[in-house]
Peer 1: 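Below: one structure in structure tokens.
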Amino acid sequence: IPVDYQGMKAFSELWIDPRDESEGGDAGDTKDRIHVLVSFDIPGIGQMEAEFKVVDRDMSFLLFSPETYQSVFDGLMPEFREIMESHGYRVVSVESRRMDHVRSLMDVFENLPYKRTGIDVKI
């Protein structure tokens with residue numbers, strides 16, 4: 001996804017598992033479980049990743065950013081929490097961590113190797 005916001009150009013990738021079965025979820029579970037990864041490459045800032053896990057209305061948020069910007073994003077965590085709560089989510093956790101390396105999709109979506117048996121796309 002190319003982004004051009006007020007002259008700042010960036011590129012991002014969005015990955016969604018609409019039926020996340022990690023951490024206690026299984027095929028017979030009736031809870032809505034969604035796992036989202038957004039990866040950003042922003043010139044002048046660097047690589048970043050935002051990860052969301054939603055179970056029904058409970059949300060966990062994890063942001064990986066370059067070390068030089070981590071204190072900035074640490075300060076924004078209360079605002080991120082407020083935004084999530086204002087949209088009706090119960091916030092389980094909101095964390096900011098230093099981005100040591102770009103994680104592979106297998107690192108983030110642990111069940112991906114087992115699901116890669118076909119293509120299931122709806123647009």
Side-chain angles (χ1 to χ4, degrees):
I1 303 170
V3 178
D4 186 351
Y5 177 72
Q6 295 183 353
M8 181 175 71
K9 297 183 185 300
F11 179 78
S12 65
E13 293 180 335
L14 175 66
W15 298 89
I16 302 171
D17 182 354
R19 294 180 301 275
D20 184 29
E21 296 174 3
S22 66
E23 298 183 24
D26 59 35
D29 192 351
T30 60
K31 293 183 179 179
D32 289 330
R33 295 176 179 273
I34 301 170
H35 189 174
V36 177
L37 172 69
V38 185
S39 176
F40 303 92
D41 187 1
I42 305 170
I45 294 177
Q47 191 80 21
M48 295 176 57
E49 292 179 355
E51 184 177 359
F52 301 86
K53 288 188 178 185
V54 181
V55 178
D56 286 333
R57 298 301 292 171
D58 295 345
M59 182 183 288
S60 299
F61 174 70
L62 180 58
L63 179 70
F64 290 92
S65 63
E67 185 174 9
T68 54
Y69 289 91
Q70 188 174 2
S71 62
V72 172
F73 289 110
D74 285 346
L76 292 173
M77 290 299 117
E79 290 181 45
F80 289 158
R81 176 181 289 276
E82 286 178 24
I83 291 168
M84 291 176 229
E85 289 173 344
S86 73
H87 285 86
Y89 289 97
R90 188 178 80 74
V91 179
V92 175
S93 65
V94 176
E95 292 182 60
S96 171
R97 294 185 188 166
R98 183 181 75 223
M99 179 118 178
D100 292 325
H101 65 284
V102 176
R103 299 178 298 162
S104 73
L105 288 178
M106 303 297 182
D107 291 336
V108 178
F109 299 101
E110 297 143 5
N111 292 334
L112 186 60
Y114 307 108
K115 293 182 176 185
R116 283 195 141 174
T117 57
I119 298 175
D120 182 14
V121 177
K122 294 179 185 174
I123 297 179

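Because the structure is predicted, anything quoted here is derived from the model rather than measured.
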Peer 1: Are Met84 and Val36 grouped together when hydrophobic residues (ILVMFWY) are joined by side-chain heavy atoms under 4.5 angstrom apart?
Peer 2: yes
Peer 1: Give the minimum heavy-atom separation between Gly46 and Pro66, together with the two atoms involved.
Peer 2: CA-CG, 4.3 Å
Peer 1: At their closest point, which heavy atom of Val108 faces which heavy atom of Arg103, and how far apart are they?
Peer 2: CG2-CZ, 3.6 Å
Peer 1: Using 30° and 60° as the class boundaries, would you call the ring planes of Phe52 and Phe61 parallel, tilted or perpendicular?
Peer 2: tilted
Peer 1: Partners of Asp58 by salt bridge (Lys or Arg N to Asp or Glu O under 4.0 Å), sequence neighbours excluded?
Peer 2: Arg90
Peer 1: How long is the gap from CZ on Arg19 to CD1 on Ile34, to the nearest 0.5 Å?
Peer 2: 10.5 Å
Peer 1: In this structure, would Tyr69 and Phe40 fall into the same cluster of hydrophobic residues linked by side-chain contacts under 4.5 Å?
Peer 2: yes
Peer 1: Examine distances only and state if a side-chain atom of Asp32 and a backbone atom of Asp56 form a donor-acceptor pair shorter than 3.5 Å.
Peer 2: no
Peer 1: Gln47 side chain to Val102 main-chain N or O, any donor-acceptor pair under 3.5 Å?
Peer 2: no
Peer 1: To the nearest 0.5 Å, tell me how far Glu49 CD sits from Arg97 CZ.
Peer 2: 11.5 Å
Peer 1: Can you give me the closest heavy-atom contact between Pro43 and Ala10, atom names plus distance?
Peer 2: CD-CA, 4.2 Å
Peer 1: Once rounded to the nearest 0.5 Å, what's the spacing between atom CZ of Arg81 and atom OG of Ser86?
Peer 2: 12.5 Å
Peer 1: For a 4.5 angstrom cut-off between non-hydrogen side-chain atoms, does Val91 reach Met59?
Peer 2: no
Peer 1: Roughly how far, to the nearest 0.5 Å, is OG of Ser71 from CG of Asp74?
Peer 2: 6.5 Å
Peer 1: Side chains of Glu51 and His35: closer than 4.5 Å at any heavy-atom pair?
Peer 2: yes
Peer 1: Nearest 0.5 angstrom please: Arg57 CZ to His87 NE2, how far?
Peer 2: 9.5 Å
Peer 1: Is it possible for you to say whether Leu76 and Val92 belong to one hydrophobic cluster, with membership spreading through side-chain heavy-atom contacts below 4.5 Å?
Peer 2: no
Peer 1: Drop me the distance from Met99's CE to Thr68's OG1, to the nearest 0.5 angstrom.
Peer 2: 12.5 Å
Peer 1: Is Ile45 reachable from Leu63 through a run of I, L, V, M, F, W or Y residues, each pair having side-chain heavy atoms under 4.5 Å apart?
Peer 2: yes
Peer 1: Are the side chains of Met48 and Phe73 in contact, using a 4.5 Å heavy-atom criterion?
Peer 2: yes
Peer 1: Are the side chains of Leu37 and Leu105 in touch, meaning some heavy atoms are under 4.5 Å apart?
Peer 2: yes
Peer 1: Please tell me whether Phe80 and Val38 are part of a single hydrophobic cluster in this structure, the criterion being side-chain heavy atoms less than 4.5 Å apart.
Peer 2: yes
